[in-house]
Protein chains: 2
Amino acid sequence: MATQKEIARLAGVSVSAVSAVLNGTTHTRMSDATRERIEEAIAEVGYVPNDAARALRRQQAGTIAVVVEKLENPAYKELFHGIYEAAEARGWAVVLGDIVWMRSGSHFLARLLGRGSIDAIVLRQDRLIDEEVLAHLRARPTPVVLVERQADPHDSWISVDDLAAGRVATEHLIELGHTEIAFVGGEGQPSAVRGEGYATAMRDAGLVPSAPVVTGFGPESGARGLDALRSQGELPTAVVVANVMSAVGLLAAAADAGIDVPGRLSVVGIHDADIADVVRPSLTTIRLPMRALGVRAVEQVSALLSGAPTELGVLADPPPEVIARNSTAPPGSGTSSSPRTSSVVS
Amino acid sequence: MATQKEIARLAGVSVSAVSAVLNGTTHTRMSDATRERIEEAIAEVGYVPNDAARALRRQQAGTIAVVVEKLENPAYKELFHGIYEAAEARGWAVVLGDIVWMRSGSHFLARLLGRGSIDAIVLRQDRLIDEEVLAHLRARPTPVVLVERQADPHDSWISVDDLAAGRVATEHLIELGHTEIAFVGGEGQPSAVRGEGYATAMRDAGLVPSAPVVTGFGPESGARGLDALRSQGELPTAVVVANVMSAVGLLAAAADAGIDVPGRLSVVGIHDADIADVVRPSLTTIRLPMRALGVRAVEQVSALLSGAPTELGVLADPPPEVIARNSTAPPGSGTSSSPRTSSVVS
DNA sequence: CTGAAAGCGCTTACAG
DNA sequence: CTGAAAGCGCTTACAG
């Protein structure tokens, strides 16, 4: 592969001159003839920079890693979008990975934590991450921005307004007239905070929040959540689910159990995603500013890297927003409450 | 950050000795005392290798990139799994990206194509990729394994058995007694080949295949597919959809239109994914060996890199498999055909 | 058994 | 206006 050395030989100049043309640095006032000769030579050999050499010399790779739990979670789509755009604008490349790959001893983890190829890590996890891995992360100089609040005060974290999300979801149901509203979530901080938001909204309305049902995050967790609610006696008329895929699972379980949604049970899922529009009944969700969060994540990485002041914590603006679809309705509104929920043969 | 030089100073040895201990190379018979001193020093400073330096010196990064179209497509989950495991076993790290990031001029693309940080690329795309980007790819020395067959004979590609997938899906419907079966797909090779499989199965059964309805890949495409079928006159009794998310969208559109699935219309989606179990009615799918395909992809990357003989083309084993769920039934079986499709209030 | 040296391909002061 | 040189942190023949 062509290197700057070859180009220099071809153009009859020094490597420094080639590097200068390539980067637009120093040697700024080079004779036009020289510059042209160099540019021709560059084009001729089809020069491709060696990123490893550049990273070694510059002491920065120009790449940030983004690691999430459950890559396939549709809630990340917008987050990735925001991160990618903000990173591109700064001249950084983004690489993605799944947190299940971050096992102690994996080459993936080694690459993340090693110096030279990754400048910083943006890490989003639903539940608490493996402590051993977290210890590795903390021990290394690579800056890490956690996307979701953490217990440890030394961690840099940002997050959407989970409290408001739980509150807004609950308020939507209260406005529809519901008074018996349950909350189904998973382990870990974000879900717990959304649960607090739920409890706050309930109390503010003079209602009694019930204890959160803690199951998990996938579709199966939604099904287990419904099971738990049913085994607790009288089913509430509405439920806030902390996670969108879990809400979809709960919807399916309700259909299987012959529980009409929204006639008998209204369901709100936190996080908006395409899938909410595709299931039947379609799922009412709380849209969170994931794209803005992605941008913020990159800004914080940048601040951490440059020593500029950070702006960590909760991203409160724009606020969570209700996307009302067909899984919510006033209590007791029966099967025909919504034109789109029935699927009778014509 | 600690370098080998510092460790060497600390242990009173040469850098070569430190490198040897770190890598288990040369200097194999080092005195135990020396080795211990070095190991202590390594532990003491918390040494982390500099991957950029190593990559530059070794002339290989130990990292492969995997780029897909629509990262959020659940069909990739198993593919990533296979790739990751096979890569780890070879000591490689894997980084992921979305094809929408591969725009000409993006830093992401530059990083992929640059030397030094990525040894090879595994690229999976549903439709044909931007020709400009493909030209870039072909011009660079970085080996590329395409996951899906391509027109250009110079490309290295592997794929699942799309022909068999289309065939198996169609045969499942034929076995149920359907004779009027449509095919809905997207642009590009994989969908076209699945359509061929459909047509083959139809003809083998003495039936007349209809022209493929070409819409696209997301849920909306499924809805548009149904619209197209309805506008073509009498709706067939069954449909093979080339893509799982598109099939889910078609299911939703059928529900909205009051078309009973599977009573009036049976639906099979190609590619299995968790979502198929979660929608109602649950979706019958064709499971393809995506994990094995991931492993194969890494094997081919390895072969390309080492100059070993490749094993490209269609991965026929294990063959596609029908996962029968509730979206398929004999024609005209009515609303109560399946115990899980009704969602009446109890 | 161990160290000195070269060199991977860059960038960047520095000297002229 | 341009080039020679140092050095980023490694690995790997090579010499002793």
Side-chain angles (χ1 to χ4, degrees), chain A residues 1-39 41-42 45-62 91 110-111 113-119 141, chain B residues 1-39 41-42 45-62 91 110-111 113-119 141:
Chain A
M1 279 312 304
T3 64
Q4 292 186 9
K5 202 164 151 191
E6 271 177 74
I7 295 171
R9 195 173 42 70
L10 225 68
V13 296
S14 72
V15 178
S16 335
V18 176
S19 175
V21 169
L22 248 14
N23 295 293
T25 52
T26 61
H27 291 70
T28 33
R29 335 152 141 276
M30 182 180 294
S31 78
D32 285 353
T34 309
R35 182 179 304 276
E36 264 171 40
R37 262 207 331 279
I38 296 175
E39 277 166 353
I42 289 171
V45 302
Y47 176 73
V48 181
N50 184 310
D51 293 314
R54 182 175 281 178
L56 177 59
R57 177 60 226 229
R58 287 195 185 154
Q59 294 289 78
Q60 52 170 295
R111 199 55 42 86
L113 297 176
R115 293 165 302 141
S117 57
I118 299 290
D119 295 327
Chain B
M1 280 312 303
T3 64
Q4 293 185 8
K5 201 164 152 191
E6 270 178 74
I7 295 171
R9 195 173 42 69
L10 225 68
V13 295
S14 72
V15 178
S16 334
V18 176
S19 175
V21 169
L22 249 14
N23 295 292
T25 52
T26 60
H27 291 70
T28 34
R29 335 151 141 277
M30 182 181 293
S31 79
D32 285 354
T34 309
R35 182 180 304 275
E36 265 171 40
R37 261 204 334 279
I38 295 175
E39 276 166 353
I42 289 171
V45 302
Y47 175 74
V48 181
N50 184 310
D51 293 314
R54 181 174 281 178
L56 177 59
R57 177 59 228 231
R58 287 195 184 153
Q59 294 289 78
Q60 52 170 295
R111 199 55 42 87
L113 298 176
R115 293 164 303 143
S117 57
I118 299 289
D119 295 326

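Heavy-atom basis, side chains included; hydrogens, waters and symmetry copies ignored. Below, read A as the first sequence line, B as the second, and so on, with proteins coming before strands; counting in each chain starts at 1.
- Partners of Glu39(B) by side chain to side chain contact (heavy atoms under 4.5 Å, CB included), not counting sequence neighbours, listed by chain and number: Val21(B), Arg35(B).
- Among the protein residues, Val13(B) comes within range of the sugar-phosphate backbone only, with heavy atoms under 4.0 Å from sugar or phosphate atoms but none that close to a base.
- Contact annotation: Thr34(A) side-chain N/O to dT2(D) OP1/OP2 distance is under 4.0 Å.
- For the pair Arg37(A) CZ and dC1(D) P, the interatomic distance rounds to 15 Å; values are reported in whole Å.
- At a threshold of 4.5 Å between non-hydrogen side-chain atoms, the residues Tyr47(A) and Val18(A) do not count as touching.
- Listed pair Asn50(B) / dC8(D) fails the phosphate criterion, with no side-chain N or O lying under 4.0 Å from OP1 or OP2.
- The separation between Leu56(B) atom CG and dT11(C) atom C1' is 13 Å, rounded to whole Å.
- Of the side-chain N and O atoms in Gln4(B), one or more sit less than 4.0 angstrom from OP1 or OP2 of dT11(D).
- If you check every strand for non-hydrogen atoms under 4.0 Å, Gln59(A) touches sugar and phosphate atoms only.
- Atom CG in Asp51(A) sits roughly 9 Å away from atom P in dC10(C) (whole-Å rounding).
- Looking at residues two or more places apart in sequence or on another chain, you find a side chain to side chain contact (heavy atoms under 4.5 Å, CB included) between Ala41(B) and Ile7(B), Leu10(B), Ala11(B).
- Scanning for side chain to side chain contact (heavy atoms under 4.5 Å, CB included) contacts around Asp51(B) gives Arg111(A), Ser117(A), with sequence neighbours left out.
- Put simply, Ser19(A) has a side-chain N or O that comes within less than 4.0 Å of OP1 or OP2 on dT11(C).
- Spacing between atom CZ of Arg115(A) and atom P of dG9(D) amounts to 7 Å, rounded to whole angstrom units.
- In terms of phosphate contacts, Tyr47(A) brings a side-chain nitrogen or oxygen within less than 4.0 Å of OP1 or OP2 of dC10(C).
- Nearer the 5' end of DNA chain C, as judged by each residue's closest nucleotide, is the contact made by Ser14(B), out of Ala53(B) and Ser14(B).
- Atom CG in Asn23(B) sits roughly 7 Å away from atom C1' in dT11(D) (whole-Å rounding).
- Listed by chain and number, the residues in a salt bridge (Lys or Arg N to Asp or Glu O under 4.0 Å) with Arg54(A) amount to none (sequence neighbours excluded).
- Scanning for side-chain hydrogen bond (donor to acceptor under 3.5 Å, both in side chains) contacts around Arg9(A) gives an empty result, with sequence neighbours left out.
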Dot-bracket, DNA chain C: Watson-Crick or G-U, under 3.5 angstrom, [ ] crossing, | other strand?
-> |||.||||||||.|||
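- In this structure, the CZ atom of Arg9(B) is 20 Å from the P atom of dT2(C), given to the nearest Å.
- Atoms OG and NZ, on Ser19(B) and Lys5(B) in that order, are 15.0 Å from each other to the nearest 0.5 Å.
- Across the protein-nucleic acid pair, Gln60(A) atom CD and dT11(C) atom C1' stand 12 Å apart, rounded to whole Å.
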Could you give me the CA-CA distance, side-chain angles and deciding distance for Thr3(A) and Arg115(B), then say whether side-chain contact (heavy atoms from CB on, under 4.5 Å) is met?
-> CA-CA 10 Å; Thr3(A) 64; Arg115(B) 293 164 303 143; 4.3 Å; yes
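- Side-chain N/O atoms of Arg54(B) include one lying less than 4.0 angstrom from OP1 or OP2 on dT11(D).
- If you measure from atom CD1 of Ile7(A) to atom P of dC10(C), you get 8 Å, rounded to the nearest angstrom.
- Side chain of Arg58(A), nearest nucleotide from dC10(D), dA5(C), dT11(C): dT11(C).
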